[in-house]
Peer 1: 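Below is one structure. I have some questions about it.
Excluded from the calculations below are hydrogen atoms, water molecules and symmetry mates; all remaining heavy atoms, backbone and side chain alike, are included.
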Amino acid sequence: MEFNYGDTLRIKSDLYTILGKIRYIDTHGDIWYEYKLIKHSTNGQFWLSWDEIRNEYQFTKPCGSMRPSTMICVDEGREIVSGAWGDVDVDISDSAKYQEYESPDGATTFSIEEWEDETEYSTGFYVNKEFVTLEPNAAVTNSIEKRLKSVSGRNKLFGPFLWMVICVLAVFTSELDLPSWHQVRAFFNHPYTVSEYIKDHSDTYTYVTSITGTNNLKSDIYQSSLSLDETTQDIIKGLEGDVDRVTQDGNTAFTEITEDNQEIAEEYKSEKRNETTIPTETVTLLTKYEYITVYISTENTVLVRVESRESAYNHNNDGGYHSSSRSYWFYRNSYWYNGYAQDQMRYTSPSSYSDYNPTSNPYKSDYSNTSSSSTKNPYKSDYSSGHGSGTSDANRLSRATNYSYSPYESYATSIRNASTGGRGSDSGGTSHGK
């Protein structure tokens, strides 16, 4: 049975009112609803959802991250929000990777949801449908009445036409694997992110720490088990080439020739044959919503800095995490040149880049000590032409394409055009809402 925002339910002997409602669709086209409940007697928060397989309701509450070791994973997948009503902390097209665990006797449950900005945990149990009834004439407390009025009208959902499209794409595609699902998400303006890809590949990327900047925006640091070159290619392939800009601070790339990079790698190495080798220590990738920096740390490990473009825009000059001054300068300069102008029109808060002066490059000699005139400092002509503070956004943006060329950008284009889509698949199922 489907319930609505504001309904009051009796679950066993207690009364609960629905403060929020979320509709999900998962990677196999399964659709379900989850209800945020407030208990009349205690104002405690709980969640209720219908489990099709067990033909029972699942009743849960938020909990800590410690999962009992005896529990068994019974389901996992990826869900996307297709509708939201009332007091819920999700938006349309938000998505999460989820895992469902049960005790050996099936009596208790434990759920994990990995959203882009946080991970949530809940524990609960199953309730026979006979013990969940709608109570249309039940009175609600004054505090609940006030909460209902305060969130009234906060309804977010796909329009009928878009909802029909996503259902057709999901339900009538018999084998909807992750690449296809990511394409569906991109269609609805919510592309697969580097943050998600790295969390999906914890065997390669290990979380190290987070840097909290202005407005409490975070940058996450991961250590890669691959080389800088391999890490860059892996991330590009993980996103199926959906990268806007790629820059690098040296002229080395593609240390390993593979089938999918051979043509670009050979062409690039041919172009650089007569140049003095400048080892690449830093590569930056700009996507629609993220700014990614892959760099060699001061401990000679490969680190990946993952942050939203809003976080990069609000950067508070933190000096980088175990980053050389060269890498840190390149990290800042790449964002200023490739992303700041666009983001200045997107975000309204003050930015440390408003008076940033990229001419203070302490590494110009790295680019000028070469035998070819084409490899002189690629920033010099831009600086002398008036780039930096005071340059108009339009001028800065129009010249951004002249910034440090990276063959990884051509590689991203080739991957995108090939549409290889080799990221595996997830299974469907139910989970708990945010």
Side-chain angles (χ1 to χ4, degrees), residues 194 211-215 217-221 232 235 243-251 278 280-296 303-368 376-406 408-409 412:
V194 175
I211 302 172
T212 302
T214 306
N215 298 329
L217 295 168
K218 291 186 178 182
S219 302
D220 295 327
I221 308 295
T232 302
I235 291 174
V243 178
D244 294 340
R245 293 285 288 140
V246 186
T247 57
Q248 63 185 73
D249 68 351
N251 60 12
I278 305 169
T280 299
E281 297 179 6
T282 316
V283 179
T284 65
L285 302 94
L286 189 74
T287 72
K288 186 173 184 179
Y289 296 113
E290 294 175 301
Y291 182 54
I292 311 301
T293 308
V294 184
Y295 63 100
I296 298 176
L303 298 180
V304 183
R305 179 168 181 154
V306 180
E307 58 193 325
S308 66
R309 288 180 62 160
E310 183 178 10
S311 178
Y313 174 84
N314 284 278
H315 180 72
N316 61 357
N317 202 13
D318 56 47
Y321 179 81
H322 292 201
S323 171
S324 69
S325 53
R326 168 179 164 172
S327 284
Y328 182 64
W329 169 84
F330 190 81
Y331 155 80
R332 295 208 73 199
N333 226 42
S334 294
Y335 174 74
W336 180 87
Y337 216 107
N338 294 312
Y340 174 66
Q342 293 174 329
D343 293 343
Q344 192 176 30
M345 295 180 282
R346 181 187 298 179
Y347 308 116
T348 57
S349 59
S351 172
S352 64
Y353 285 95
S354 60
D355 59 355
Y356 179 67
N357 184 1
T359 60
S360 56
N361 173 9
Y363 306 103
K364 289 181 181 179
S365 60
D366 289 347
Y367 297 92
S368 58
K376 292 180 180 179
N377 181 2
Y379 317 111
K380 186 175 180 181
S381 61
D382 291 332
Y383 297 151
S384 61
S385 299
H387 272 284
S389 57
T391 305
S392 71
D393 292 339
N395 187 27
R396 183 191 296 117
L397 188 60
S398 68
R399 297 174 64 86
T401 54
N402 296 323
Y403 191 56
S404 178
Y405 164 73
S406 172
Y408 293 118
E409 190 164 316

Peer 1: How long is the gap from CD on Gln344 to OG on Ser354, to the nearest 0.5 Å?
Peer 2: 8.0 Å

Peer 1: With sequence neighbours excluded, tell me which residues meet salt bridge (charged side-chain N to carboxylate O under 4.0 Å, His left out) with Asp244.
Peer 2: none

Peer 1: Among all residues two or more places apart in sequence or in another chain, which pass the side-chain contact (heavy atoms from CB on, under 4.5 Å) test with Ser323?
Peer 2: Tyr295, Ser327, Tyr328

Peer 1: If the test is side chain to side chain contact (heavy atoms under 4.5 Å, CB included), which one of Val304, Val294, Val306, Thr247 qualifies with Leu285?
Peer 2: Val294

Peer 1: Glu290: which residues meet the salt bridge (charged side-chain N to carboxylate O under 4.0 Å, His left out) condition with it, sequence neighbours left out?
Peer 2: none

Peer 1: Rounded to the nearest 0.5 Å, what separation is found between the CH2 atom of Trp329 and the OG atom of Ser334?
Peer 2: 7.5 Å

Peer 1: Among Tyr347, Tyr289, Tyr356, which one satisfies ring-ring contact (aromatic ring centres under 6.0 Å, His included) with Tyr313?
Peer 2: Tyr347

Peer 1: How would you list, by chain and number, every residue that makes a side chain to side chain donor-acceptor pair (under 3.5 Å) with Asn316, sequence neighbours excluded?
Peer 2: none

Peer 1: So Tyr331 and Tyr291, ring pair (Phe, Tyr, Trp, His ring centres under 6.0 Å) or not? Walk me through it.
Peer 2: CA-CA 10 Å; Tyr331 155 80; Tyr291 182 54; 5.6 Å; yes

Peer 1: Under the salt bridge (charged side-chain N to carboxylate O under 4.0 Å, His left out) test, which residues partner Arg309, sequence neighbours left out?
Peer 2: Asp343

Peer 1: Would you list the pairs meeting salt bridge (charged side-chain N to carboxylate O under 4.0 Å, His left out) in which at least one residue belongs to residues 311-323, sequence neighbours left out?
Peer 2: Arg305-Asp318

Peer 1: Not counting sequence neighbours, which residues clear side chain to side chain donor-acceptor pair (under 3.5 Å) with Thr280? List them please.
Peer 2: Gln248, Thr252

Peer 1: Could you work out, with side chain to side chain donor-acceptor pair (under 3.5 Å) as the rule, every residue matching Thr212, not counting sequence neighbours?
Peer 2: none

Peer 1: Could you check whether any side-chain N or O of Glu409 sits under 3.5 Å from a backbone N or O of Val246, counting only pairs where one atom can act as donor and the other as acceptor?
Peer 2: yes

Peer 1: Report the distance from atom OH of Tyr321 to atom CD1 of Ile221, rounding to the nearest 0.5 Å.
Peer 2: 8.0 Å

Peer 1: Within the 4.5 Å heavy-atom criterion, are Tyr335 and His315 side-chain neighbours or not?
Peer 2: no

Peer 1: Ser308: which residues meet the side-chain contact (heavy atoms from CB on, under 4.5 Å) condition with it, sequence neighbours left out?
Peer 2: Glu310, Ser311

Peer 1: With Thr284 as reference, evaluate Thr293, Asn333, Ile292 under the side chain to side chain contact (heavy atoms under 4.5 Å, CB included) test and give the passing residue.
Peer 2: Thr293

Peer 1: Report yes if the side chains of Arg332 and Asn317 come closer than 4.5 Å at any heavy-atom pair, otherwise no.
Peer 2: yes

Peer 1: Which heavy-atom pair separates Ser351 from Tyr340 by the least distance, and what is that distance?
Peer 2: OG-CE1, 3.7 Å

Peer 1: Considering residues at least two apart in sequence or located in another chain, which fulfil the salt bridge (charged side-chain N to carboxylate O under 4.0 Å, His left out) criterion with Asp220?
Peer 2: none

Peer 1: Applying the side chain to side chain contact (heavy atoms under 4.5 Å, CB included) criterion to Asn314, which one of Ser352, Pro350, Ser349 satisfies it?
Peer 2: Ser349

